[in-house]
Amino acid sequence: TNLARNVLMWFRRDLRLHDNPALLSALGQPDRIPAAQHLYPVYCLEIPTKKKCGHRRWIFLLECLHDLDANLRKLGSRLFVVRGLAPDVLPLLVQHWNVSELAVGECHEPFAVARDNDVAQQIAPHGCDFKSFPGRTLFRPQDVLARTGNGKAPLTMAAFSKIAERLPVPTPVDAPASLPSLGDDAITALRNALDPATFDALAGPQGDFSVPTIEPDGTVPELHLTTPIPAHEQSPHRGGETEALRRLDAYLSDHARVTQFEKPKTSPAAFYPNADTTILSPYTTYGALSVRTFRAGIDRVYRAAKGKHSKPPVSLLAQLYWREFFMTAGATTLNFEQMRRNPICLQTEWKCIPGETTRESHPDDYAMLDAWAEGQTGYPWIDAIMVQLRREGWVHHLARHSVACFLTRGDLYISWERGAEVFEDLLLDHEWALNRGNWMWLSASAFFHQYFRVYSPVKWGQSWDSEGVFIRKYLPVLRKMPKQYIYEPWKAPIAVQRAAGCVVGVDYPKRIVDHDVVVKVNMTKMKTSHAAQREQAAMENGDSNGGRN
Ligand code: FAD
């Protein structure tokens, strides 16, 4: 019933103008239909805040929104940040702005798909179509699944790559040079149509749908994030498409680094601005950087090198494939985020399984979990990584390996779901499928089964950084500890501890476990659980073969 073609662009995990097919659809591309008369760029901000998103990730997200707004304004448009849940607020906007199409970048997580279906149903009675476009991933999970032959996601990179190599390489699209105008007075239209309380709740404290303000001390009053973050504890990673494209160009300009990239050879002890990997993950997570643009950039460097470059699974391009791998598994596996009723996940008796034990029933187990989360395990390598994570919101992949192995099969035998929750809070780059999938990997619950290959919380860090530069940076209390004790301060004679100004048990915690002891106990548990899993699988295969014969 709408005569005008008015488009509402609902931004989610595609906070950018470049390579944004949903946004371009408002211009009538690629369908060669007339451009929309009006375009309303919208972001739905859940208030009060989602509990699982930590303070620094909020700041990163808001910075992405500020940058998106600024870039839209350069084209004569702007971003409307609407306070509320999408299924509640979008039908109101669609109705009062007379919107005929709601355009989105496709999301694949089961919970996001359910939400999108809900929104599509709610707007349909207002004569508005829900249209989704690719761009969040290189390949659509459904397209990968269609080629596995058994309806299940590939569980190895080799199997995934075989399929991926036969799928077309997506071509990124250009950023728009101009955009359709906003309605004459989009805000007045809403103010006139809604009751004042509803309008105020949607429009935010300035009454103008602007992005919440981040104060210089890092507080965000509107989101009740009121604890100041001292300058030296603010994350060095600034959000936004502009910063994302700057960092991508900077990284790709060093051709040798791109062509010789081998993930296992990059150091977990190197930190910003001299990290060994790209630190583009926070940008790909929020879509401030398109993975398709990222890929096209890598391909250009590879072509310039005439095909001489590192290869999967360790190359830079392969890192993007790992993202696709987990996105596909997450989109298509039942109960992917938990151990129970998850068909690909090892079942074992972890401590602190959500829904099965509580802080009250098992206080000692949760005290261990807290010590890990707060960087108080007494193992400097582990604690320094957790401090970096807490402060900067990003740590290197192999650092994630170290702390994830420590929490689960290596040392504490605590449920990987608890580790994933802590990461969800602290990581700027938190991505549901990647986080849950990698936690299953590190705990040898799925994808990876060599549970006996445990990272030593001492020797492994030492092999990268024998001087302990990384530890000294993030744990200043150990700054003066001689290098032979920096990874094992409890071994330092008390006189050495005193001279270093760091007495173990007073200035820095005692070890919460003895790695050499607990790892043996844990390996026995792992062995039993893996054997049970194999037995179960054999039984199921046997049964299904029996059925066919
Ligand atoms: P680079 O090495 O420069 O790689 C380039 C891009 O490839 C990354 O930006 C990322 O998009 C992708 N990528 C690289 N490694 C992986 C991987 N193993 N799996 C999936 N994608 C990958 N990554 C997230 O983006 N979000 C998460 O929530 C997340 N949780 C993790 C949890 C655990 C326990 C572990 C072990 C890893 C997790 N990772 C996660 C994967 C990986 O550690 C990060 O993507 C990577 O360290 C980001 O740094 P980078 O951008 O410098 O990576």
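One-based numbering, in listed order, for ligands and for the atoms of each.
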Please state which part of Y321 comes within less than 4.0 Å of ligand 1, counting heavy atoms only: side chain, backbone, both or neither.
neither
Are V220 and W58 packed together at the side-chain level, in the sense that at least one heavy-atom pair is separated by less than 4.5 angstrom?
no
Atom 49 (O) of ligand 1: nearest protein contact (heavy atom, Å)
W394 NE1, 3.0 Å
Distance to 0.1 Å, residue and atom name: give those for the protein heavy atom nearest to atom 6 (C) of ligand 1.
L320 CD2, 3.9 Å
Residue, atom and distance of the protein heavy atom nearest atom 16 (C) of ligand 1 read W322 CB, 3.9 Å
Under 4.0 Å from ligand 1, counting heavy atoms only, is it the side chain of F325, its backbone, both or neither?
neither
For ligand 1, indicate whether the residue F326 contacts it via side chain, backbone, both or neither (heavy-atom separation under 4.0 Å).
side chain
So, regarding D429 and ligand 1 (criterion: nitrogen or oxygen to nitrogen or oxygen, under 3.5 Å), is there a contact or not?
yes
For atom 29 (C) of ligand 1, tell me which residue out of R400, E431, R295 has the closest non-hydrogen atom.
R400
Considering both backbone and side-chain atoms of L316, is one of its nitrogen or oxygen atoms within less than 3.5 Å of a nitrogen or oxygen in ligand 1?
no
Any N or O of W439 closer than 3.5 Å to N or O of ligand 1
no
Take every heavy atom of W441, measure it against each atom of ligand 1, and state whether any distance is under 4.0 Å.
no
Nearest protein heavy atom to atom 43 (O) of ligand 1, by residue and atom, and its distance?
H397 ND1, 2.7 Å
At under 4.0 Å between heavy atoms, what of K263 touches ligand 1? The answer is side chain
Quick one: look up the protein heavy atom nearest atom 12 (C) of ligand 1 and list residue, atom name and how far away it is.
Q319 O, 3.3 Å
When only distance counts, is L280 in polar contact with ligand 1, meaning an N/O pair under 3.5 Å?
yes
Looking at ligand 1, does any of its N/O atoms fall within less than 3.5 Å of an N/O of H396?
no
Under 6.0 Å from the ring centre and within 45 degrees of the ring axis: does the NZ or CZ of R12 meet both conditions for the six-membered ring of W10?
yes
Closest protein heavy atom (residue, atom, distance) for atom 45 (O) of ligand 1
S281 CB, 4.1 Å
Can you tell me the protein heavy atom closest to atom 3 (O) of ligand 1 and the distance?
T278 OG1, 2.6 Å
Atom 38 (C) of ligand 1 [closest protein heavy-atom partner, distance rounded to 0.1 Å]
N438 ND2, 3.4 Å
Just by modelled atom types, is the D365 backbone N or O under 3.5 Å from a matching donor or acceptor in the R359 side chain?
no
